[in-house]
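Below: the structure, in structure tokens.
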Amino acid sequence: MEKQRLDKIIASTGKFSRREVKLLVRQGRVLVDGVPARSGEEKFDPQAVEITVNGETLCYRKYTWVMLNKPAGYLSATEDGWGPTVLDLLPPELKKQGLFPVGRLDKDTEGLLLLTNEGGLAHDLLSPRHHVDKVYYTRVAGRLTEEDCRAFAAGMTLGDGLVCQPAGLKILKAGEESEAHVTLREGKFHQVKRMLAFLGKPVLYLERIQMGNLTLDPALDRGKYRLLTESEVEMLRKI
């Protein structure tokens, strides 16, 4: 593998900024193959050496994958002149790694959003030919019925001509306000909201809770993030 600067390798973990790495090196707290590093500018093959920081062996990541519990009010974009984006919820050391959202959630939609700098896998997860399921929890105005479930299962053409492929609608609660899980295998603009509005059940709240076989971490508070584990990334690669 191509050699990289030591500070860049360590910063890729998301635990330290390059400035912090410089201080750690000065304090002798960064070892490369058991030898104290001389400078953060030294270059190494991260897969050919053992790097420890504060006595803990570094797990090098070629790519960074982040799970974010997106709150309402943030745009799924890397930059925008009209308001905050999901990248504003990340620390500087992660923002500098070229992360971008894998797909998008509407500004007022909450829940599971992945961010990465691995373009190939991100593209595969979003490609219509791979049919990666996305599951949403929704609360709507009006009583959901089995007829609505059948309409989702059959697919529908909306009043504006949008053709929606068959999808899943599982009713959790039916009443003046209803709750349900919606499963899509595609991701057209405002699709969940538009499908339910077409059935006369406008969405009051929407949260994505699952993408493929990856579920939103229940320990992750709204607006918080964590790095995906290696096993979670491998799960995504197998979809």
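Computed over heavy atoms, backbone and side chain alike; hydrogens, waters and symmetry mates excluded.
Looking only at side-chain heavy atoms (C-beta outward), Gln27 and Leu23 come within less than 4.5 Å of each other. Under the 4.5 Å side-chain criterion, counting only non-hydrogen atoms from C-beta, His131 is not in contact with Glu186. Looking at Leu115 and Leu87, their side chains come closer than 4.5 Å, going by heavy atoms from C-beta outward. The side-chain heavy atoms of Leu228 and Leu236, taken from C-beta on, include a pair separated by under 4.5 Å. No side-chain heavy atom of Val203 sits under 4.5 Å from any side-chain heavy atom of Arg139. In this structure, Tyr137 and Leu172 have side chains that are in contact, with non-hydrogen atoms separated by less than 4.5 Å. A 4.5 Å side-chain heavy-atom check between Tyr225 and Pro91 finds at least one atom pair inside the cut-off. Here the side chains of Val66 and Arg226 are not in contact, with every heavy-atom distance at 4.5 Å or above.
Following chains of ILVMFWY side-chain contacts shorter than 4.5 Å, one can reach Val49 starting from Ile9, so the two form part of one hydrophobic cluster. Val192 and Val135 fall into different hydrophobic clusters, where Ile, Leu, Val, Met, Phe, Trp and Tyr residues are linked whenever their side-chain heavy atoms come under 4.5 Å apart, directly or through other members. Hydrophobic clustering (ILVMFWY, side-chain heavy atoms < 4.5 Å, transitive): Ile171 and Val140 are in one cluster. Cluster annotation: Leu6 is connected to Val53 through the hydrophobic network of ILVMFWY side chains, with a link wherever side-chain heavy atoms come within less than 4.5 Å. Hydrophobic clustering of Ile, Leu, Val, Met, Phe, Trp and Tyr side chains at less than 4.5 Å, counting indirect connections, keeps Ile209 apart from Met235.
In this structure, the side chain of Glu234 does not engage the main chain of Ser231 through any donor-acceptor pair within 3.5 Å. Judged by distance alone, with hydrogens and angles left aside, the side-chain atoms of Gln210 form a donor-acceptor pair with the main-chain N or O of Gly212 at under 3.5 Å. Between the side chain of Lys170 and the backbone N or O of Val182 there is no donor-acceptor pair closer than 3.5 Å. Between the side chain of Thr116 and the backbone N or O of Val102 there is no donor-acceptor pair closer than 3.5 Å. Judged purely by atom type and a 3.5 angstrom limit, Lys8 has no side-chain atom pairing as donor or acceptor with the backbone of Arg18. The main-chain N or O of Ala72 is never found under 3.5 Å from a side-chain atom of Asp108 such that the two would form a donor-acceptor pair. Counting only distance, with no hydrogens or angles, the side chain of His130 and the backbone of Leu125 share no donor-acceptor pair below 3.5 Å. In terms of modelled atom types and a separation under 3.5 Å, the side chain of Asn69 and the main chain of Lys224 share no donor-acceptor contact. For the pair Glu20 (side chain) and Ser17 (backbone), a donor-acceptor distance under 3.5 Å is present.
Looking at Glu232 and Trp65, their side chains never bring a donor and an acceptor atom within 3.5 Å of each other.
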Step by step, work out the side chain to side chain contact (heavy atoms under 4.5 Å, CB included) result for Tyr136 and Leu105. CA-CA 11 Å; Tyr136 299 81; Leu105 292 177; 4.2 Å; yes
Take Thr109 and Arg104, measure what side chain to side chain contact (heavy atoms under 4.5 Å, CB included) needs, and give me the verdict at the end. CA-CA 10 Å; Thr109 298; Arg104 65 185 303 277; over 6 Å; no
Stepwise, does the salt bridge (charged side-chain N to carboxylate O under 4.0 Å, His left out) test hold for Arg222 with Glu207? CA-CA 11 Å; Arg222 196 78 73 201; Glu207 175 189 23; 3.1 Å; yes
I would like to know whether Lys22 and Asp7 meet salt bridge (charged side-chain N to carboxylate O under 4.0 Å, His left out); could you show each step before the answer? CA-CA 7 Å; Lys22 185 176 181 180; Asp7 55 2; over 6 Å; no
Please evaluate residues Ser178 and Lys173 with respect to the criterion side chain to side chain contact (heavy atoms under 4.5 Å, CB included), reporting the C-alpha separation (whole Å), side-chain torsions for both, the decisive distance (0.1 Å), and the verdict. CA-CA 5 Å; Ser178 299; Lys173 175 185 175 183; 5.9 Å; no
Let me see the working for Lys107 and Ser76 under side chain to side chain contact (heavy atoms under 4.5 Å, CB included), right down to the final yes or no. CA-CA 7 Å; Lys107 186 175 182 180; Ser76 299; over 6 Å; no
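Across every non-hydrogen atom of Ala122 and Phe100, the tightest pair is CB-CE1, 3.8 Å. For Gly73 against Pro84, the heavy-atom pair with the smallest separation is O-CG, 3.6 Å. Glu118 and Arg237 make their closest contact through OE2-NH1, 2.7 Å (heavy atoms, listed as atom of the first residue, atom of the second, distance). Considering every non-hydrogen atom in both Leu144 and Glu179, the closest pair reads CD1-O, 4.3 Å. When every heavy atom of Asp106 is checked against every heavy atom of Lys193, the shortest pair comes out as OD2-NZ, 3.4 Å. Of all heavy-atom pairs between Gln97 and Ala11, the closest is NE2-O, 2.9 Å.
The distance from the CD atom of Glu110 to the CG atom of Leu206 is 9.5 Å, given to the nearest 0.5 Å. To the nearest 0.5 angstrom, Glu56 atom CD is 13.0 Å from Ile51 atom CD1. In this structure, Lys134 NZ and Leu126 CG are separated by 7.0 Å, a value rounded to the nearest 0.5 Å. Atom CD of Glu42 and atom CZ of Arg38 lie 4.5 Å apart (nearest 0.5 Å). To the nearest 0.5 Å, the span separating OG1 on Thr57 from CD on Glu50 amounts to 4.5 Å. One distance of note links CG of Asp133 with CZ of Arg185; it measures 5.0 Å at 0.5 Å rounding.
In this structure, His123 places its NE2 atom where only 12 or fewer heavy-atom neighbours from other residues, nucleotides or ligands lie under 6.0 Å away. Within a 6.0 Å sphere centred on CD of Glu176, other residues, nucleotides and ligands contribute 12 heavy atoms or fewer. Counting non-hydrogen atoms of neighbouring residues, nucleotides and ligands closer than 6.0 angstrom, the CZ atom of Arg19 reaches no more than 12 such neighbours.
Just one residue in the list Leu68, Leu113, Leu112 forms a side chain to side chain contact (heavy atoms under 4.5 Å, CB included) with Leu216, and that residue is Leu112.
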